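Before any comments, here is the structure.
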There are 2 protein chains.
Amino acid sequence: MAYEKTDMNNRKTKKRNDLIKAAIKTFAQKGFHGTKISDIAKKAKVADGTVYLYFENKDDLLIKCFEEMLADLMQKADEKLSTIEDPLAKVLTFIDLHIDYCEKNPDAAKLIIIELRQSPEFYKKYPNFWPVRNYLNYLNKLCTDAIEAGRIRNVNPELLTTIIFGSLDFSITSWLLSKSVINLKSIKEGVADILHKGLEKEANNEK
Amino acid sequence: MAYEKTDMNNRKTKKRNDLIKAAIKTFAQKGFHGTKISDIAKKAKVADGTVYLYFENKDDLLIKCFEEMLADLMQKADEKLSTIEDPLAKVLTFIDLHIDYCEKNPDAAKLIIIELRQSPEFYKKYPNFWPVRNYLNYLNKLCTDAIEAGRIRNVNPELLTTIIFGSLDFSITSWLLSKSVINLKSIKEGVADILHKGLEKEANNEK
DNA sequence: ATATATTATGAGTCATGATTCACAAAGTAA
DNA sequence: TTACTTTGTGAATCATGACTCATAATATAT
């Protein structure tokens, strides 16, 4: 009775991807509230109503955009980091990767950075969903490993995670708002440098 | 002809302040787009139309809220920092002050943090206005002084400013979204600790 | 007390844009 | 080709909320 779904599924999947791409681009450009569903539909070359065949509503679409993007980012990190042994090097490489990704995908970067923070109201509607949480957990794991291996001095890993992410996040925000003031390469080196020096285990004390 | 305006001015000033306070509270709670002018009016106990006697429109009101708040924050910083000599101590004290202020004024903190980043569209409408810029300049000055005095090693001051602000900003964001995970005191100490160690001029090298 | 200037009111206007739904097109099986 | 299922369309609906404006209240001056 059920007929061959493969083609259909491919078609649907492709259209879904088109929609996500269009949505990311538009959200990045105009912000969440500045974006009309019809903008996204037009960019994806479908009718307005079609959007609702693939996503519950506008909120859902935003959330799905995040999920796709962060999943992509973490998958890329997995690949790269699996070739590295030293836990401290993993943390530093992660910093590089994050910045590189934002540089290569400025729309994604804008989405992460500008729309990351919806109002508390927004998140109240979706209590278990804070888009970055998965990503922070990933970084947290790297930090914890490096601390346990004694490659970073014994600081609170959650706090360290927060500081690293916050530094990157705001650096990239500044970069996006005024490309000229600061360049990404120096951000990459500078953040790593300061954090590294702030973190390396000293020859003498503690733990 | 012009009659005694003093009382009127006081009354107007007071009402303006009431409106700003109500707006900060409401924006903090519901976000910019989630806030209705009528919400603010109700909280300030005035009619909707009254809001427009004091502010151009909703955007203008948001901007004025920032201005008030950051001015307040910097004034407090001026007072405190003027009693301190050592430029490095100034930077570290500034970190303390920022966190203390956010702890004591969580509504203000939310406004700074959550509404800091309107969409690029928003800022395109007001090209010369990026609310944090003044504040970053203030911090930048402190960093530059500390570097020039040789109390911090020779890093790019703009980058350092960005990293400090980013760390604080995101730490406080996390704190606001999930009070339990991390506490502000440890954030304060941790950020200062890591940055301090990452920044102190080493006995040996450079500059 | 009266005239005038200032400030406040809130119901009504009006544009906007998310979402729906009756209908159309395209795909699949026989 | 025919019957049926899935997918797509976009005009119409409908709620929302920023902003206006005719009117009222309050303050000041003389």
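Chain A is the first sequence line, chain B the second, and so forth, proteins listed ahead of strands; every chain is numbered from 1. Keep in mind the model is a prediction, meaning the values are calculated, not measured.
Using a 4.0 Å cut-off between charged nitrogen and carboxylate oxygen, A/Lys185 and A/Glu189 count as a salt-bridge pair.
If you take NE2 of A/His33 and C1' of C/dA18, they are 13 Å apart, rounded to a whole angstrom. If you measure from atom NZ of B/Lys58 to atom C1' of D/dT16, you get 11 Å, rounded to the nearest angstrom. Atom NZ in A/Lys42 sits about 13 Å away from atom P in D/dA11, given to the nearest Å. Following rounding to the nearest Å, B/Asp18 (CG) and C/dA8 (P) show an atom-to-atom distance of 11 Å. Between the CD1 atom of A/Ile37 and the P atom of D/dT16 there is a distance of 18 Å, rounded to whole Å. Straight-line distance from the CD1 atom of B/Ile40 to the C1' atom of D/dC19: 14 Å, rounded to whole Å. The distance between atom CG of A/Asn57 and atom P of D/dC14, rounded to the nearest whole Å, is 20 Å.
Judged as a side chain to side chain contact (heavy atoms under 4.5 Å, CB included), and not counting sequence neighbours, the contacts of A/Lys76 are A/Asp72, A/Tyr101.
Among A/Asn156, A/Val91, A/Asn137, A/Leu136, the single residue meeting the side-chain contact (heavy atoms from CB on, under 4.5 Å) criterion with A/Thr161 is A/Leu136.
Identified under the salt bridge (Lys or Arg N to Asp or Glu O under 4.0 Å) test for residues 87-107 of chain B, with sequence neighbours left out: B/Asp100-B/Lys188. For the salt bridge (Lys or Arg N to Asp or Glu O under 4.0 Å) condition, the pairs that include at least one residue of residues 33-51 of chain B, sequence neighbours left out, are B/Lys30-B/Asp39. Screening residues 77-88 of chain A for salt bridge (Lys or Arg N to Asp or Glu O under 4.0 Å), with sequence neighbours left out, gives A/Asp86-A/Arg151.
Of the listed nucleotides (D/dA18, C/dA18, C/dT19), C/dA18 has the atom at the smallest distance from the side chain of A/Lys36. Distance from the side chain of B/Tyr54 is smallest for C/dT7 among the nucleotides C/dT7, C/dA18, D/dA18.
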Check: protein-nucleotides 24-26 of chain D nitrogen or oxygen pairs below 3.5 Å:
none

Dump the pairs, protein N or O against N or O of nucleotides 9-13 of chain C, anything under 3.5 Å, distances to one decimal.
| residue | atom | partner | partner atom | Å |
| --- | --- | --- | --- | --- |
| C/dT9 | OP2 | B/Ala47 | N | 2.8 |
| C/dT9 | OP2 | B/Thr50 | OG1 | 2.7 |
| C/dG10 | N7 | B/Gly49 | N | 3.3 |

Exercise. I would like to know whether B/Glu67 and B/Arg133 meet salt bridge (Lys or Arg N to Asp or Glu O under 4.0 Å); could you show each step before the answer?
Key: CA-CA 11 Å; B/Glu67 281 178 3; B/Arg133 196 57 253 179; over 6 Å; no
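B/Ser174 contributes atom OG, which lies 7.0 Å from atom CD1 of B/Ile187 (distance to the nearest 0.5 angstrom).
Counted by atom type alone, A/Thr13 and A/Asn17 present zero donor-acceptor pairs between their side chains at under 3.5 Å.
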